[in-house]
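It should be emphasised that the depicted structure is a prediction, and the values quoted were computed from it without experimental measurement.
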Number of protein chains: 2
Amino acid sequence: MGRRYNSPNEEGVASITDRSSGLGVQRKSNQIYEAIREDIVALRLVPGSMIYENELAEELRISRTPIREAIRLLVSEQLLEVLPQRGTRIAQISERKVSETRFIREQLELGAFRMAARLWDPVKHARVRETIIQLLQRQQEAVRAGEIALFLQLDEAFHYAIMEITGNATLLQVVYEMRGHLNRLRCLALQQFHHMDQVMEEHRALFAAVEQGDEALTAELLGRHLGKLDAELPELRAAYPQYFQE
Amino acid sequence: MGRRYNSPNEEGVASITDRSSGLGVQRKSNQIYEAIREDIVALRLVPGSMIYENELAEELRISRTPIREAIRLLVSEQLLEVLPQRGTRIAQISERKVSETRFIREQLELGAFRMAARLWDPVKHARVRETIIQLLQRQQEAVRAGEIALFLQLDEAFHYAIMEITGNATLLQVVYEMRGHLNRLRCLALQQFHHMDQVMEEHRALFAAVEQGDEALTAELLGRHLGKLDAELPELRAAYPQYFQE
DNA sequence: CCTTCCCAACTTGTATACAAGTTAAAAGTT
DNA sequence: AACTTTTAACTTGTATACAAGTTGGGAAGG
């Protein structure tokens, strides 16, 4: 392991999730949930390796109870796998799961982006426009600095910013869950192919299509943008076989 | 409350969920999760009413620990709402949540049904065909007997049977979660409008379109089939205001 | 040396004890 | 009578204790 979980969500990019009821106090288990999830999705926890409730409890100086709650949530997302009386395993990257979640993400993002293009109003969404342009700038800086993790977070933020136009919070939540199974692969892809510049171009084109209200173009660009992962997968699997399942 | 949870899943219609890791022993918390969920979704637990961990623990003769785990999962689905130090509330029906989950369900089912129509092979899916025909027959019997709860379960099973053709288990899981927020409304709709015969007709036509591999027709029929709920909502809200939020 | 068996050291699952916060009714005050 | 304060009975949140199952290494036997 070798990492403290003291300051979760320190990166300064707003998180969509908040699986707490939204109301009242931030419970310990929710902080732990986010911290562990982030470590899994960013590949800081090695797929296939084990974690143990006692170990985490000691490290965080709290009891097992809140840790167990966080683990159960991650199990329900299939990012963790509890082996009774043996420990808890970081899920390996599953080709099946990747293709299943990619399909879902594509269906939902296509629907949301189309709706966003349809709803786009230059006056009403002036602030949104500013936010997105700023995100693209920050992302460009991340490219220059070669910061993959930050790049990915801003990538996510870009997609959410556009989908937020639809006002469908549940859709964002579902896409967020699906992304949990895709981002690990994207981490590897960025390390392997260094194609961040191309992604940037696609984002700019996508945003332009939304701004112009061109629903068909938006859908086409997004389909291509999301489809890339399929072509990359075989090479990644060959390069990092130990992370994969089956 | 006034209901025992001794024999969960007694209805004989296979459940899709299994939020346990799939492996090994069925944990207590998973049985409780399913039992409570089913009670919420079938409106046996009144929206807006409270439940208490102690009460459930006493009733089921177990400790609070597994009950808490089940509750946390249902909170993450937004079917329950924990008010710290006050109790746990059965979520009311939220018009916003209904429209959000309906959009997601529509996007995903449309994609899955289209793919099913594309993949359909009379030889390869002979057994699936039998299963679906049998489901339709049992559903017709449920109509005759006026059993709304059973009708709804078979309705669900029909949709899943077709989507299973795609082999996308995660998609089924997501649709299952979305349905949690829609089924309560459908319960009310069936009580109010008694239009089960019409639903049956739509199912038969849908299946025929899939069998013929007619992707466009399938999509059109499904869109109409799922769209009904929107038209019904205002009247239902007027008839059962106490179940609704906002 | 190899195989078998047993057991101690781990794990998670469950129950229970305690901490902390909310609430509403009773008691006290004006 | 009306208002304020207190308090006891609840709730969930967290920590801890115990139960039950898995595992790997060493003792015992061949």
Side-chain angles (χ1 to χ4, degrees), chain A residues 1 5-6 8 18-36 40 45-46 48-91, chain B residues 1 5-6 8 18-36 40 45-46 48-91:
Chain A
M1 293 271 319
Y5 288 117
N6 289 332
D18 196 12
R19 288 187 80 167
S20 69
S21 77
L23 200 152
V25 195
Q26 185 86 341
R27 285 174 204 71
K28 286 189 185 179
S29 61
N30 285 99
Q31 295 178 24
I32 297 166
Y33 162 81
E34 292 215 20
I36 298 180
I40 296 173
L45 286 170
V46 179
S49 65
M50 301 290 286
I51 58 174
Y52 304 97
E53 296 175 4
N54 286 329
E55 204 174 289
L56 285 171
E58 226 172 302
E59 198 172 343
L60 303 172
R61 313 273 177 88
I62 56 171
S63 75
R64 280 174 54 207
T65 309
I67 288 170
R68 282 180 61 78
E69 291 188 356
I71 287 177
R72 296 313 287 259
L73 246 50
L74 290 163
V75 167
S76 85
E77 286 188 50
Q78 292 179 257
L79 290 173
L80 288 181
E81 196 178 348
V82 174
L83 312 181
Q85 274 77 35
R86 302 211 302 130
T88 302
R89 181 159 56 197
I90 313 296
Chain B
M1 293 272 318
Y5 289 116
N6 289 331
D18 195 12
R19 287 186 79 168
S20 69
S21 78
L23 199 154
V25 195
Q26 186 85 343
R27 285 175 205 68
K28 287 189 183 179
S29 61
N30 286 98
Q31 293 177 25
I32 296 166
Y33 163 80
E34 292 215 17
I36 299 179
I40 296 173
L45 286 170
V46 179
S49 65
M50 300 291 284
I51 59 174
Y52 304 96
E53 296 176 3
N54 286 330
E55 205 174 287
L56 285 170
E58 224 172 302
E59 199 174 341
L60 302 172
R61 313 269 177 89
I62 56 172
S63 76
R64 281 172 56 206
T65 310
I67 288 172
R68 280 181 62 79
E69 291 188 354
I71 287 177
R72 295 312 288 260
L73 246 50
L74 290 163
V75 167
S76 84
E77 286 187 50
Q78 292 180 256
L79 290 173
L80 288 180
E81 196 178 347
V82 173
L83 312 181
Q85 275 76 36
R86 302 210 305 130
T88 302
R89 180 159 56 197
I90 314 294

Rounded to whole Å, CZ of A:R61 lies from P of D:dA15 at a distance of 13 Å

CG on A:L74 to CD1 on A:I51, rounded to 0.5 Å | 8.0 Å

B:E55 CD - D:dC10 C1' separation (whole Å) = 12 Å

Which whole-number value in Å describes the distance from A:I67 CD1 to C:dG13 P?
-> 14 Å

Mind calculating the distance between OH (B:Y52) and P (D:dT12) to the nearest angstrom?
-> 8 Å

Indicate, yes or no, whether a donor-acceptor pair under 3.5 Å links the base of C:dT12 to the side chain of A:Q85.
-> yes

Taking atom P of D:dT14 as reference, at what distance in whole Å does atom CD of B:E53 sit?
-> 12 Å

Choosing from D:dT14, C:dT11, C:dG21, which nucleotide comes nearest the side chain of B:R68?
-> D:dT14

Below 4.0 Å: OP1/OP2 of C:dA15 and any side-chain N or O of B:R64 = no

What nucleotide among C:dT14, D:dA15, D:dT23 has an atom nearest to a side-chain atom of A:P66?
-> D:dA15

Kindly say if A:N54 contacts the phosphate of C:dC10, meaning a side-chain N or O under 4.0 Å from OP1 or OP2.
-> no

Does B:S29 have a side-chain nitrogen or oxygen under 4.0 Å from the phosphate oxygens OP1 or OP2 of C:dG13?
-> no

Within less than 4.0 Å of OP1 or OP2 of D:dT12, is there a side-chain N or O belonging to B:T88?
-> yes

How close or far is atom C1' of D:dT12 from atom NZ of A:K28, stated in whole angstroms?
-> 14 Å

Is the distance from OP1 or OP2 of D:dA15 to the nearest side-chain N or O of A:S63 less than 4.0 Å?
-> yes

A:N30 CG to D:dT12 C1', in whole Å, measures 14 Å

